[in-house]
Undergrad: 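Provided herewith is a single structure, encoded as C-alpha cells, for subsequent inquiry.
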Amino acid sequence: MTPADTSGAAARTHKGTRKGTRKGTGPRRRRVGAGGGQGVPLPLLLPALLALAFLLVPLLALLVRAPWQSMPEQLTSPVVWQALRLSLVCATAATAVSLVLGVPLAWLLARTEFPGRGLVRALVTLPLVLPPVVGGVALLMALGRNGIVGQWLDQWFGISLPFTTAGVVVAEAFVAMPFLVISVEGTLRATDRRYEEAAATLGASRFTAFRRVTLPLIAPGIAAGSVLAWARALGEFGATITFAGNFPDRTQTMPLAVYLALQSDPEAAIALSVVLLAVSIAVLAGLRDRWMTAS
C-alpha cells in the first residue's frame with residue numbers, strides 16, 4: 001500500500017468516525033449533575049428530607065403559634081423587659097470578658113510551643129461538650145462561698161459571685177469563651193506568620209507585632225468569635241440557673257424567663273422564644289460570609 005493509499009484510508013476512517021458520532025453510533029458524552037453524580041439516591045434523599053423537617057418544623061410551629069397581635073404588649077411587660085435588658089447586658093459583658101481573656105489564650109495556643117499544649121486545648125474546649133448544669137456545679141465548687149477560690153474572695157475582698165448579676169456574667173463567659181478561642185485560634189493558624197517575622201526584623205517587640213500586625217489580620221476571626229460567644233451567652237440556661245439562680249431583675253435572663261413563663265403564661269414564653277429565635281437568625285445572617293456561602 002502506497003503512502004497515498006494510507007492517507008486516504010485514514011481520512012475515510014476519520015470521516016466515518018465523525019459521521020457515526022453525529023448519528024449517535026459513536027461514544028456519547030455523559031451528562032452529570034452539578035455535584036458530579038447522576039442524581040440523589042432515594043435511600044439518602046428520604047432521610048435527608050426527614051432530617052430537614054425534623055429541624056425546621058418545630059421552628060415553623062413556634063412562628064405559627066406566636067401571639068403576633070399581642071406581641072408588643074408581651075415584650076413591653078415589666079417582667080419580659082427586665083429579662084430582655086438583663087440578658088443583653090450580661091451577654092455583652094460576658095463577651096467582653098471572653099475577648100479580654102480568650103484572645104490571648106488563643107494566641108498562646110496558636111503561636112507558642114509548650115508541654116501539654118494538646119491537653120490544654122482539649123480542656124479549653126471542654127465546656128462545649130460539658131452539660132451546662134455540670135458547668136454550673138463546677139462554678140459553685142470553685143467560686144461559691146465555700147469554693148476553693150470563692151472562699152478567699154469572700155474573706156479577703158468580700159466578693160460573693162453566686163446568685164448575683166456578676167455570677168450570671170461568669171456563668172455565661174464560662175460556656176461562651178471556648179467559641180471565641182476556637183475561632184480566633186483557627187484564624188491565627190491560617191494567618192501567614194511572615195508578617196510578624198518581618199515586623200520583628202524591623203525592631204518591633206513581640207507584643208507590638210501582635211498589636212500592630214496580628215490583630216488587624218485576625219480581626220474577622222475575632223468578630224466572628226465574638227458574635228458566636230455573644231449568641232451563646234444570650235441563650236445560656238443550665239449554668240446560669242445553677243450558679244446564679246432565677247431572681248427577677250437580678251439573675252433572671254431570657255431563657256430563664258421562658259422556662260418560668262411557660263408554666264404560667266405560655267404566650268409570654270412564646271414571645272420571648274421568638275425574640276431568641278430572631279437573634280439566632282441574625283447571628284447566622286451576620287456570619288453568612290464565613291459559613292453559609294461555603295461551597
Side-chain angles (χ1 to χ4, degrees), residues 88-130 135 138-139 142-143 149 152-153 157 159 161 166 168-236 239 279 282-295:
L88 295 176
V89 170
C90 291
T92 304
T95 304
V97 172
S98 300
L99 279 170
V100 172
L101 302 179
V103 172
L105 177 57
W107 181 89
L108 184 69
L109 294 174
R111 288 289 191 263
T112 60
E113 297 283 347
F114 57 89
R117 186 175 65 168
L119 178 61
V120 172
R121 182 180 293 110
L123 294 176
V124 168
T125 58
L126 187 60
L128 294 176
V129 297
L130 193 70
L139 288 173
L143 300 176
V149 177
W152 304 113
L153 291 176
F157 306 103
I159 298 176
L161 292 175
V168 176
V169 176
V170 170
E172 292 180 351
F174 177 77
V175 299
M177 191 184 299
F179 288 89
L180 184 136
V181 173
I182 291 175
S183 179
V184 176
E185 184 189 359
T187 306
L188 280 167
R189 290 183 177 277
T191 303
D192 194 344
R193 301 182 64 170
R194 289 178 295 181
Y195 295 105
E196 301 173 23
E197 296 170 357
T201 60
L202 295 175
S205 65
R206 202 164 188 182
F207 180 71
T208 301
F210 170 77
R211 182 169 53 89
R212 301 292 296 273
V213 178
T214 307
L215 274 181
L217 289 175
I218 65 173
I222 294 178
S226 300
V227 172
L228 284 175
W230 186 83
R232 180 65 184 89
L234 188 69
E236 168 52 31
V279 170
V283 169
L284 286 179
L287 296 175
R288 66 185 182 278
D289 293 333
R290 188 174 179 85
W291 287 311
M292 294 180 69
T293 59
S295 58

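Note that the numbering runs from 1 along the sequence shown for the chain.
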Undergrad: Roughly how far, to the nearest 0.5 Å, is CG of L123 from OG1 of T125?
TA: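 Spacing of OG1 (T125) from CG (L123) equals 7.5 Å.
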
Undergrad: For a quick test of reading the model, state the closest non-hydrogen atom pair linking P127 to F174 and the distance between them.
TA: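 Result for this residue pair: CB-O, 3.6 Å.
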
Undergrad: Using the test side chain to side chain contact (heavy atoms under 4.5 Å, CB included), find all partners of L126 that sit at least two apart in sequence or belong to another chain.
TA: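 Side chain to side chain contact (heavy atoms under 4.5 Å, CB included) check on L126 returns V129.
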
Undergrad: Among residues two or more places apart or on two chains, list those pairs meeting salt bridge (charged side-chain N to carboxylate O under 4.0 Å, His left out) that have a residue in residues 116-129.
TA: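 Counting only pairs at least two positions apart or across chains, the salt bridge (charged side-chain N to carboxylate O under 4.0 Å, His left out) contacts touching residues 116-129 are E113-R117, R121-E185.
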
Undergrad: Does any non-hydrogen side-chain atom of L109 lie less than 4.5 Å from one of F114?
TA: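 F114 reaches L109 side chain to side chain.
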
Undergrad: Which residues satisfy the side chain to side chain contact (heavy atoms under 4.5 Å, CB included) test with V175, sequence neighbours excluded?
TA: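 Side chain to side chain contact (heavy atoms under 4.5 Å, CB included) check on V175 returns R232, E236, A239.
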
Undergrad: Can you tell me how far apart CG (L180) and CG (L105) are? Round to the nearest 0.5 Å.
TA: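 It is 9.5 Å, given to the nearest 0.5 Å.
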
Undergrad: List the atom pairs, donor and acceptor, that lie under 3.5 Å between side-chain atoms in residues 212-229 and the rest of the protein, sequence neighbours left out.
TA:
unit_1 : atom_1 : unit_2 : atom_2 : d
T214   : OG1    : E196   : OE2    : 3.0
S226   : OG     : I222   : O      : 2.7

Undergrad: Just distance, no hydrogens or angles: give the donor-acceptor pairs under 3.5 Å from side chains in residues 88-97, sequence neighbours left out.
TA:
unit_1 : atom_1 : unit_2 : atom_2 : d
T92    : OG1    : L88    : O      : 2.7
T92    : OG1    : W230   : NE1    : 3.3
T95    : OG1    : A91    : O      : 2.8

Undergrad: Can you check whether L128 reaches F179 side chain to side chain, under 4.5 Å on heavy atoms?
TA: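 SC-SC contact between L128 and F179 confirmed.
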
Undergrad: Verify, without hydrogens or angle tests, whether T201 (side chain) and A198 (backbone) share a donor-acceptor contact under 3.5 angstrom.
TA: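 It does hold such a pair.
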
Undergrad: For E172, what residues pass the side chain to side chain donor-acceptor pair (under 3.5 Å) criterion, not counting sequence neighbours?
TA: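 None.
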
